[in-house]
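Beneath this line is the structure, given in structure tokens, with notes to follow.
Values below: all heavy atoms of this structure, side chains included; hydrogens, waters and symmetry mates excluded.
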Amino acid sequence: MQNNISNIAYERYWERKQALAASPQHFALKRWWRSKDLSEIESCYFEAIKNRSSVLDVGAGDLRVRDKLVRAGFHGLYHTMDIGAEYEHTYHTLDDVSRTYSAIICLDVIEHMTLSEGLGMLSRFVELLDKDGVIIVQTPNGKCIRNPMGWDMTHLHIYNLPDLWAHFKSYGFDVTGHRVWFTDQYPSSISRFKMLLNRLVVTRIIGSDYADNIAIIAQRGIKIN
């Protein structure tokens with residue numbers, strides 16, 4: 001069993017390499033800001049799941065994402081999974097899940113696992129997904145100028161967007177990737193000028209990225225715009 005887990009990073013290795021060769025050269029930037037309502041990137045998630053009959057939110061934490069999506073108009077079955085006991089969840093481990101879902105959301109979770117554990121979880125999502133379902137994953141951006149490994153002592157592995165995009169492509173999914181930038185919803189003129197200057201320095205001079213997170217929306221069969 002341990003050998004199967006440790007080798008999962010090399011399953012479909014050359015399929016991922018082929019997908020990477022054809023990956024988009026540019027991934028659209030979406031903003032995230034702290035609010036009770038949906039931010040830009042959260043609006044993308046809502047569009048992907050709004051007509052779904054069921055959602056499994058993995059790593060649902062304090063249920064803020066669930067509350068936002070329900071408030072925005074999601075009316076389907078919404079189940080949650082989290083290892084924590086501070087809030088009430090449907091499941092506390094993926095081993096307890098015995099049904100499939102038409103959408104699976106996993107935000108800011110896989111970076112707390114080793115690579116093999118994180119990819120193992122993504123493989124489990126594929127098993128738990130309906131045949132025309134959608135998987136949404138958000139995680140820190142490995143190319144960010146601010147090293148995401150330093151944000152939280154529990155971060156164990158960081159992903160880059162082309163690799164994660166190619167990983168889902170190797171499963172046969174239609175995949176859309178986004179770079180997620182944490183910012184104010186309504187920045188001041190001075191803040192906008194500073195942000196533009198920082199973006200120029202980070203991307204053009206240093207060659208890194210200023211976007212804090214990356215996001216994947218992966219769907220079986222139907223392309224997501």
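In this structure the side chain of I216 reaches within 4.5 angstrom of the side chain of L161, judged on heavy atoms. At least one side-chain heavy atom of D212 sits under 4.5 Å from a side-chain heavy atom of R146. Within the 4.5 Å cutoff, no side-chain heavy atoms of T183 are placed close to those of Y210. Residues Y45 and L107 form a side-chain contact, since some pair of their non-hydrogen atoms from C-beta on lies under 4.5 Å apart. Within the 4.5 Å cutoff, the side chain of Y78 has heavy atoms near those of the I105 side chain. Here the side chains of D108 and N213 are in contact, with some heavy-atom distance below 4.5 Å. Using a 4.5 Å heavy-atom threshold, the side chains of T139 and V109 count as separate.
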**OP:** Go through the steps for R99 and L77 under the test side-chain contact (heavy atoms from CB on, under 4.5 Å), then give the verdict.
**Re:** CA-CA 12 Å; R99 54 157 294 166; L77 180 70; 3.2 Å; yes
Subject >> Step-by-step side-chain contact (heavy atoms from CB on, under 4.5 Å) determination, R220 to V126 >> reply: CA-CA 10 Å; R220 282 174 165 160; V126 175; 3.0 Å; yes
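With sequence neighbours excluded, the residues forming a ring pair (Phe, Tyr, Trp, His ring centres under 6.0 Å) with H112 are H155, listed by chain and number. Checked against salt bridge (Lys or Arg N to Asp or Glu O under 4.0 Å), D184 has no partners two or more places apart in sequence or in another chain. The side-chain hydrogen bond (donor to acceptor under 3.5 Å, both in side chains) test applied to D130 returns T100, not counting sequence neighbours. Contacts of R71 classified as salt bridge (Lys or Arg N to Asp or Glu O under 4.0 Å), with partners at least two apart in sequence or in another chain: none. Applying the side-chain hydrogen bond (donor to acceptor under 3.5 Å, both in side chains) criterion to K50, with sequence neighbours excluded, gives E47. With sequence neighbours left out, W32 forms a ring pair (Phe, Tyr, Trp, His ring centres under 6.0 Å) with F182. In this structure D152 satisfies the side-chain hydrogen bond (donor to acceptor under 3.5 Å, both in side chains) test together with T154, sequence neighbours excluded. Scored by the salt bridge (Lys or Arg N to Asp or Glu O under 4.0 Å) test, E111 finds no partners at all (sequence neighbours excluded). Under the ring pair (Phe, Tyr, Trp, His ring centres under 6.0 Å) criterion, Y159 pairs with H157, not counting sequence neighbours. In this view, Y101 and H79 satisfy the ring pair (Phe, Tyr, Trp, His ring centres under 6.0 Å) rule, not counting sequence neighbours. In terms of the side-chain hydrogen bond (donor to acceptor under 3.5 Å, both in side chains) criterion, residue partners of T114 (sequence neighbours excluded) are, by chain and number, E117.
Residues S53 and S102 come closest through the heavy atom pair N-OG, 3.2 Å. Pairing each heavy atom of A215 with each of V180, the nearest pair is CB-CG2, 3.8 Å. When all heavy atoms of R52 and A103 are compared, the pair lying nearest together is CG-CB, 4.1 Å. Taking all atoms of both residues into account, the shortest heavy-atom contact from R16 to E11 is NH1-O, 2.7 Å. Between A211 and D209, the closest heavy-atom pair is N-OD1, 3.1 Å. Across T80 and E88, no two heavy atoms sit closer than the pair OG1-O, 4.2 Å.
V97 and L119 fall within a single hydrophobic cluster, where Ile, Leu, Val, Met, Phe, Trp and Tyr side chains are chained together by heavy-atom contacts under 4.5 Å. Linking Ile, Leu, Val, Met, Phe, Trp and Tyr whenever their side-chain heavy atoms come within less than 4.5 Å leaves W33 and W181 in two separate clusters. M121 and I158 sit in two unconnected hydrophobic clusters of ILVMFWY residues. Membership requires side-chain heavy atoms under 4.5 Å apart, directly or through other members. Note on L94 and L122: same hydrophobic cluster, where clusters join Ile, Leu, Val, Met, Phe, Trp and Tyr whose side-chain heavy atoms are under 4.5 Å apart, directly or indirectly. I110 and Y91 fall within a single hydrophobic cluster, where Ile, Leu, Val, Met, Phe, Trp and Tyr side chains are chained together by heavy-atom contacts under 4.5 Å.
A donor-acceptor pair is defined here as one N or O able to donate and one able to accept, closer than 3.5 Å; no such pair exists between the side chain of N160 and the backbone of K143. Here the side chain of K30 pairs no donor or acceptor atom with the backbone of E42 at under 3.5 angstrom. Although no hydrogens or angles enter the test, the distance criterion places no donor-acceptor pair under 3.5 Å between the side chain of T90 and the main chain of M81.
At most 12 heavy atoms of other shown residues, nucleotides or ligands fall within 6.0 angstrom of atom CZ in R34. For CD1 of I83, the number of neighbouring non-hydrogen atoms (other residues, nucleotides, ligands) closer than 6.0 Å is 12 at most. More than 12 heavy atoms of other residues, nucleotides or ligands sit less than 6.0 Å from atom CD of E127.
Here the SG-CZ distance, from C106 to R124, works out to 13.5 Å after rounding to the nearest 0.5 Å. Rounded to the nearest 0.5 angstrom, F46 CZ and I41 CD1 are separated by 14.5 Å. Interatomic distance, SG of C44 versus NE2 of H178, reported as 4.5 Å (0.5 Å rounding).
Here the options are I49, T176, I104, V55, the test is side chain to side chain contact (heavy atoms under 4.5 Å, CB included), and the partner is I136; only I49 passes.
Using a 30° and 60° split on the angle between ring planes, Y13 and Y10 fall in the tilted class, from 30° to 60°.
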Distance-only donor-acceptor hits, side chain of residues 164-173, under 3.5 Å, sequence neighbours excluded:
{"residue": "W165", "atom": "NE1", "partner": "V175", "partner atom": "O", "Å": "3.3"}
{"residue": "S170", "atom": "OG", "partner": "R12", "partner atom": "NE", "Å": "3.2"}
{"residue": "S170", "atom": "OG", "partner": "H167", "partner atom": "O", "Å": "2.6"}
{"residue": "Y171", "atom": "OH", "partner": "R12", "partner atom": "NH2", "Å": "2.8"}
{"residue": "Y171", "atom": "OH", "partner": "S123", "partner atom": "OG", "Å": "2.6"}

